[in-house]
Novice: 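Quick one: this structure, given as C-alpha cells, is what I'll be asking you about.
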Amino acid sequence: MDKLLLFEYKCPECGLGTVRTTRVQNYKTKIKGFPFIADEALIGICDHCGAEHFASEETKRWEDLFYRSLEKRQAFLSPKETAGVRADLGLSMEDFARLIGCTRQSISAWEKEHRTSPPSRTADLLVKLVRRSLHVGPVDVITFLLDEAKKWGIVIEVRSLVAPEKQHEGVVLLTKRLRKKTQAEPVAEFSLAAETSSAEEEEIVVETLDGSQVGMLDYDYEHATLVLEAIGDFPPWKTLDVEFEAADGKRFSGHNISVIDGRIVLSKKTPLRPWEISKITLRPCEKETRV
Ligand SMILES: [Zn+2]
C-alpha cells in the first residue's frame, strides 16, 4: 500500500485546505499516555490551517514500535521470566492465576514464547513484585513502582515517600479502650444492671496511627510491670527504646528493651496501669540501628 496516499482529502476542520500526507522526523507522541518518539512518522497536515490527522494503520505501527522498544528495555518480564516466577513458586497456571487474581488463559498468553502483545502493565508489575519478593525479600513497593515507571519514560514525584533514614525514627502507637466481649450477653444496652464498667472488663488495644492493631497493653501484677503484648510480626526490631505518655501528660522512657516472644516490658515496678497510657513511641535501639 502506498503510504503517501494515506491522506489527501479536503480538511474537515477549515474546509479550505487539503490534508496532505507528511513525513515527520522524530515525531513526539504519546502511546497509552506514555511518551514515545517515532523516528519517522506519516501524518496528515492541512496545508491551510495546519490541523493534524492520523491514520489508524500508522498509529498501530507506532504502538508496535513502542512495545518493541519496551521489550528491548526489558520494561516487561519476558515470557520465560514470567513462567520462571510461577515455577519458582511451584504453582500450576490455575493456582498462579488464582493467586494474583487473573485467569489461567491470561497466564498462558503471557508465558507464550512468541506472544502477540505483552501483559497489561498492572499485571506485569504484580508479577514483578511477586518475583522481587520471592528472590530478594521484602519490597519497598512505592520505590519499586517509581523505578518501573522510569522505564516507561515517566518520572513521578511522590510527596510522602519516606526517606530510608526516617524509617529508624520509629513508630507511634495510640491506645484504645475496648470493652471485653463477654460470650453470653449480646449488647446489654437496655440493662442498667449490666453497667458495671470497671477496668477489668476492658482491654487496652494498641494501634498504629492508621488504625492497625499491633498489640495490647497489660499489667503483670506478679512483677508489677507494664507490658505491651505485640501481635504478628510487630515490632520489626529486637531491641527497643521506648517512650510513652500517660493521659495526664507525664512522659516515661526506657532503653535497650528486649522483645521476647512479642512481649515488651515498657516499665518495671510501676504503678502505671494500661488504661493510663495514651501514646507509645517505639524505636529500634540505637545499637541496633548502627549495626
Ligand atoms: Zn485545514
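Since the model is a prediction, treat every value here as computed from it, not as a measurement. Counting starts at 1 for both ligands and their atoms, in listed order.
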Novice: Between Lys60 and Glu57, is there a salt bridge with N-O shorter than 4.0 Å?
Specialist: no

Novice: Would you list the protein N, O or S atoms within less than 2.8 Å of the Zn ion (ligand 1), leaving out water?
Specialist: Cys11 SG, Cys14 SG, Cys46 SG, Cys49 SG

Novice: Test Phe36 against Leu65 for side-chain contact (heavy atoms from CB on, under 4.5 Å), laying out the working first.
Specialist: CA-CA 9 Å; Phe36 176 69; Leu65 284 173; 3.7 Å; yes

Novice: Would you say Asp248 has more than 12 foreign heavy atoms packed within less than 6.0 Å of its CG?
Specialist: yes

Novice: Can you tell whether the side chains of Glu8 and Arg20 come within less than 4.0 Å, N to carboxylate O?
Specialist: yes

Novice: Do Asp147 and Lys128 meet the salt-bridge criterion of a basic N to acidic O distance under 4.0 Å?
Specialist: no

Novice: Could you tell me whether Glu243 and Arg283 make a salt bridge, using a distance below 4.0 angstrom between a side-chain N and a carboxylate O?
Specialist: yes

